[in-house]
Amino acid sequence: MTFEYAPAPESRSIVSISPKYGHFIGGNFVAGTKHFPTINPATEEVLSKIACGTKSDVDAAVKAARKAYVGTWSKMSGKERGKYLFRIARIMQERAREFAVLETLDNGKPIRESRDVDVPLAAAHFFYHAGWADKLEYAGLGTSTKPHGVAGQIIPWNFPLLMLAWKVAPALAMGNTVVLKPAETTSLTALLFAQVCQEAELPAGVVNIVTGDGSTGALIVNHPGIDKIAFTGSTEVGKIIARAVASTKKSVTLELGGKAANIVFDDAPIDEAVEGIINGIFFNQGHVCCAGSRLVLQENIADEFLEKLKIRMNKIRVGDPMDKNTDLGAINSQEQLLKIRELTIAGDKEGAQRWSPECALPSKGFWFPPTIFTGVTQGHRIAREEIFGPVLSVLTFRTPQEAIDKANNTPFGLSAGIWSEKGSRILWASQQLRAGVIWANTFNKFDPTSPFGGYKESGWGREGGRHGLSAYLKGVSHE
Ligand code: ADP
């Protein structure tokens with residue numbers, strides 16, 4: 001018997017969105033000059049107008065950050081800094097529903113995920129780093145650590161508030177001040193975070209938020225008053241940034257793309273592995289740099305596994321992100337939807353077989369059904385390039401070594417998954433895999449105490465945990 005789910009929409013009355021926003025500089029909201037619309041990708045409704053930061057906006061933000069660094073933040077004890085971080089974390093918790101609703105409206109991700117993952121994890125990052133602020137001497141990073149000064153931070157649209165927390169919390173805890181730029185399609189929760197900074201009475205200029213597109217990002221990267229750049233986004237832009245800072249004294253951390261292999265051995269608990277594969281690729285519409293976008297499946301269980309996977313995919317509920325029952329929300333932008341379409345068409349043309357469950361997609365907004373491709377070979381574009389959407393490429397293997405070779409055959413090295421009941425096999429495989437994060441019999445588990453980052457074209461440095469602290473300290477190595 002199947003049950004129909006009645007609609008269970010979350011109310012949006014908790015958020016108030018201004019028709020137009022400026023930047024947050026030196027503790028105040030200041031007007032912008034040029035603006036562009038930010039839309040709800042599930043409905044194409046214009047939510048607000050966002051300012052596109054200019055050279056003078058970035059100059060003003062860097063100046064405010066420097067003044068706050070020299071005058072206040074660098075003179076404050078770690079214990080005092082920690083109090084502000086605790087305060088921010090608590091306010092984020094108090095305003096959690098507001099953040100979750102706003103994130104879902106602006107990003108298109110299901111409210112269930114913004115409510116249960118993004119916002120609680122963002123608050124947890126502030127709590128965790130608040131705890132480090134007065135214990136740096138005991139972190140094993142030297143007894144007289146020094147912050148960089150002013151950090152320029154550029155973040156993507158897939159986890160807007162969470163990526164802000166990954167960047168801002170360690171920077172502040174280590175004693176830096178920041179100029180942060182959210183992604184152009186998802187600036188609203190960063191602007192709400194600016195209100196939290198005011199509510200927490202964070203000294204003016206410690207956090208500055210300049211909104212805008214890639215041109216604003218480039219102004220931050222190339223600004224001579226910035227000491228450290230932290231970037232999360234595409235490998236393409238990461239390379240531009242690496243080149244831009246190469247001849248400067250700026251320190252840099254980059255968290256870039258991925259094409260993770262999720263390897264299922266024939267001794268794996270099948271039902272749990274199916275659930276893990278689903279979570280690995282369909283969480284957040286597959287807009288996840290560490291998404292398990294390649295299923296590397298042992299050949300002798302492939303038919304049974306794929307049959308079960310399809311049955312499970314039939315149950316994925318696609319639609320209104322504000323509905324509490326929704327599993328898969330909207331694609332964040334038309335541009336991203338076109339990219340997903342282009343790559344999946346390449347998959348068809350190169351001879352892989354596409355399958356999606358039947359699901360009615362809303363007529364307005366940007367949508368893509370959960371999709372798998374079987375018969376994928378290592379040379380196919382859908383096996384090599386990051387799709388950043390709800391699309392899984394399935395490859396098969398016969399021997400464990402073949403699984404490792406296929407998994408490692410990628411320019412990326414961010415994450416990987418292993419599904420097996422044998423502990424020795426898990427340990428052996430995780431030693432062979434060239435990936436910064438390896439999950440065993442689970443996937444997409446995040447925790448502020450755990451370092452995250454990649455090898456090869458997936459980036460430089462680590463974020464989170466004790467390792468991540470060093471990214472915001474002078475002269476301490478990243479890994
Ligand atoms: P995605 O492909 O996920 O959109 P991008 O790398 O294009 O990722 O964007 C990530 C962030 O980098 C966004 O905030 C974007 O505005 C910014 N950005 C884009 N181009 C540049 C650039 N040349 N220099 C600095 N930041 C940039």
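Remember, it's 1-based here, ligands and their atoms both numbered in the order they're listed. Only this structure's heavy atoms are used, side chains among them; waters, hydrogens and symmetry mates stay out.
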**Q.** Salt-bridge criterion met for R381 and E385 (N-O under 4.0 Å)
**A.** yes
Q. What is the closest protein heavy atom to atom 13 (C) of ligand 1, and at what distance does it sit?
A. I155 O, 3.5 Å
Q. Considering only the protein, which heavy-atom contact is closest to atom 16 (O) of ligand 1, and what is its distance?
A. E184 OE1, 2.7 Å
Q. With P411, which residues qualify under side-chain contact (heavy atoms from CB on, under 4.5 Å), at least two apart?
A. E457
Q | Per-atom contacts of ligand 1 with D213, taking only distances under 4.0 Å to non-hydrogen atoms | A | 16 (O)
Q.
Could you check whether F126 and Y84 have their ring centres less than 6.0 Å apart?
A. no
**Q.** Nearest-neighbour protein heavy atom for atom 19 (C) of ligand 1, which is reported as residue plus atom name and distance
**A.** G214 CA, 3.5 Å
Q: Please confirm whether K181 comes within less than 3.5 Å of ligand 1 when only nitrogen or oxygen atoms on both sides are compared.
A: yes
Q. Is there a heavy atom in F231 that sits closer than 4.0 Å to ligand 1?
A. yes
Q | Pick from T185, I229, V237: the one approaching atom 21 (C) of ligand 1 most closely through a non-hydrogen atom | A | V237
(Q) Among all the protein's non-hydrogen atoms, which is closest to atom 26 (N) of ligand 1, and how far away is it? (A) G217 CA, 3.5 Å
(Q) Check R66 with D227, please: is the shortest side-chain N to carboxylate O separation under 4.0 Å? (A) yes
(Q) Ignoring hydrogens and geometry beyond distance, is a side-chain donor-acceptor pair present between S450 and D447 at under 3.5 Å? (A) no
Q) Would you call E199-R95 a salt bridge at under 4.0 Å N-O? A) yes
(Q) Counting only nitrogen or oxygen atoms and a 3.5 angstrom limit, does V221 reach ligand 1? (A) no
Q | Heavy atom of the protein closest to atom 3 (O) of ligand 1 (residue, atom name, distance) | A | W157 NE1, 3.5 Å
(Q) Using a strict threshold of under 4.0 Å (side-chain N to carboxylate O), is an ion pair present between R12 and E45? (A) yes
Q. Are any non-hydrogen protein atoms located under 4.0 Å from atom 8 (O) of ligand 1?
A. yes
Q. Among protein heavy atoms, which sits nearest to atom 17 (C) of ligand 1, and what does the distance come to when rounded to 0.1 Å?
A. I154 CG2, 3.6 Å
Q. If you measure from each non-hydrogen atom of N158 to ligand 1, which part falls under 4.0 Å: side chain, backbone, both or neither?
A. neither
Q | Heavy atom of the protein closest to atom 24 (N) of ligand 1 (residue, atom name, distance) | A | A218 N, 3.5 Å
Q: Work out which heavy atom in T38 is nearest to a heavy atom in T185; give both atom names and the distance.
A: OG1-O, 3.2 Å
Using residues 154-172 as the side-chain source, report each donor-acceptor pair under 3.5 Å to any protein atom, sequence neighbours left out, with the distance given to one decimal.
unit_1	atom_1	unit_2	atom_2	d
N158	ND2	H287	O	3.1
W166	NE1	H125	NE2	3.0
K167	NZ	T232	OG1	2.6
K167	NZ	E463	OE1	3.3
K167	NZ	E463	OE2	2.6

Q) Which of these, G212, S215, A183, S234, has its nearest heavy atom closest to atom 6 (O) of ligand 1? A) S234
(Q) Check for me whether the distance between the ring centres of F443 and W439 falls short of 6.0 Å. (A) yes
